[in-house]
Amino acid sequence: MTTSPLHDWNLAPAEAIALQRRLAGRVERADRLAEVRHIAGVDIGFEESGAITRAAVVVLAWPRGSEREWTVVERVVHREPTRMPYVPGLLSFRELPAALGAFDELETQPQLVMVDGQGIAHPRRLGVASHLGLWLDLPTIGVAKSRLCGRHAEPGPERGDWTPLTDGHEVIGAVLRSRSGVKPVFVSPGHRISLPTALDWVIHCLGRTKLPEPTRLADRLASRRGQ
DNA sequence: GCGACAG
DNA sequence: ATCTTGTCGC
């Protein structure tokens, strides 16, 4: 077996929390991105009543062909037995093992990764997107469908309108109206990216749907609803 | 003690 | 996350 770059995954809740506090100090909140040619979207689904975790990664070419033309470069689905239950705040310990398995099978090297879940908009500033970014040493962005922590005002009604997500005086993300008339998404930096840049990328990847294309396609593939 | 709580 | 049909609206 290989030696884990950061840690192993079988941890008790108290240990996982202590680990998150340590890892959070390694998260980079400033932009450190290479020229983007491929953007990956990641999401997790379950089979067998939750006994099997199914990770999906979709890689899209950038820049895209035309306004609403995306080129899917690669798609990977990786399954493995589920190890941990869902515990709010400890999501990465449940989902990352399978996600990393999917990345191991990926042939294309993305320069940016969008994850279904929070980045630093997390109680200890280490949501699943940040944790994955540290492990892969790649820029990551968290795009969640609901809030885990922080306070915010309701964003405007038009696509692109957003308000800051804050915790105390710290800005930890943005609440973005990705589509008018629909509940907003929660965008937060994962690793090696700033909030303004993360927001730009998410907005660039928006189609007519609520979720940006990378995450939307990964979502479909993970739930096997996708093709 | 009473809520809140990514997926 | 997942279990699930029809239905309202652009």
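Below, chain A is the first sequence line, B the second, and so on; all start at residue 1. Only heavy atoms go into these numbers, but all of them, side chains included; no hydrogens, no water, no symmetry mates.
- For the pair L176(A) CG and dA6(B) P, the computed distance is 19 Å after rounding to whole Å.
- Residue contacts for V128(A): at a heavy-atom cut-off of 4.0 Å it reaches a base atom on one of the strands shown.
- G45(A) comes within 4.0 angstrom of sugar-phosphate atoms only, judged by non-hydrogen atoms across all strands, and of no base.
- Protein atom CG of L91(A) is 20 Å distant from nucleotide atom P of dA4(B), rounded to whole Å.
- Of the possible polar contacts, none joining the Q118(A) side chain to the G142(A) backbone as a donor-acceptor pair under 3.5 Å is found.
- Without hydrogens or angle criteria, H122(A) side chain to G89(A) main chain gives a donor-acceptor distance under 3.5 Å.
- H78(A) and F103(A) have their aromatic ring centers separated by at least 6.0 angstrom.
- H131(A) places its NE2 atom 19 Å from the P atom of dA6(B), with the value rounded to the nearest Å.
- Look at CG on D167(A): it is 14 Å from P on dC5(B), rounded to the nearest Å.
- The main-chain N or O of G173(A) is never found under 3.5 Å from a side-chain atom of S188(A) such that the two would form a donor-acceptor pair.
- In this model, the phosphate group of dG7(B) is not approached by any side-chain N or O of R94(A) to a distance below 4.0 Å at OP1 or OP2.
- Side chain of D161(A) to main chain of E158(A): a donor-acceptor pair is present (N/O by atom type, distance under 3.5 Å, no hydrogens or angles).
- In this structure, D219(A) atom CG and dT2(C) atom C1' are separated by 13 Å, rounded to whole Å.
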Under 3.5 Å for both distances, Watson-Crick or G-U wobble, that's the pair rule; now give the dot-bracket for DNA chain C, with | marking pairs to another strand and [ ] for crossing ones. ..........

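- Nucleic acid contact class of G89(A) (heavy atoms, under 4.0 Å, all strands): base.
- The residue F46(A) sits close only to the backbone: its heavy atoms come under 4.0 Å of sugar-phosphate atoms, none of a base.
- At a threshold of 4.0 angstrom between heavy atoms, the contacts of L96(A) with the nucleic acid are absent.
- Proximity of K145(A) to the phosphate of dA6(B): no side-chain N or O atom is located under 4.0 Å from OP1 or OP2.
- Between H131(A) and W9(A), the ring centre distance stays below 6.0 Å.
- Inter-residue side-chain proximity for L60(A) and E213(A) is flagged as met; some heavy-atom pair is nearer than 4.5 Å.
- Note on E95(A): only backbone sugar-phosphate atoms sit closer than 4.0 angstrom, heavy atoms only; bases stay farther off.
- Candidate nucleotides dA6(B), dG7(B), dC5(B) were compared by shortest atom distance to the side chain of R147(A), and dC5(B) ranks first.
- Look at CG on L90(A): it is 11 Å from C1' on dC5(B), rounded to the nearest Å.
- For S146(A), a side-chain nitrogen or oxygen approaches OP1 or OP2 of dG7(B) to under 4.0 Å.
- Salt-bridge formation is not detected for the pair E170(A)/R151(A): no Lys NZ or Arg NE/NH1/NH2 atom is positioned less than 4.0 Å from an Asp or Glu carboxylate oxygen.
- For the strand DNA chain B, secondary-structure stems (runs of at least three Watson-Crick or G-U pairs, all distances below 3.5 Å) are absent.
- For the pair Y86(A) and dG7(B), the ring geometry qualifies as stacking, because the centroid separation is below 5.5 Å while the planes lie within an angle under 30°.
- Ring orientation note: the planes of H152(A) and F186(A) are nearly perpendicular, at an angle over 60° on the 30°/60° scale.
- We find that CZ of R124(A) is positioned 12 Å from C1' of dC5(B), with the value rounded to whole Å.
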Go through the steps for R125(A) and D167(A) under the test salt bridge (Lys or Arg N to Asp or Glu O under 4.0 Å), then give the verdict. CA-CA 11 Å; R125(A) 307 294 183 263; D167(A) 188 9; 2.9 Å; yes

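- Protein atom CD of Q118(A) is 7 Å distant from nucleotide atom P of dG7(B), rounded to whole Å.
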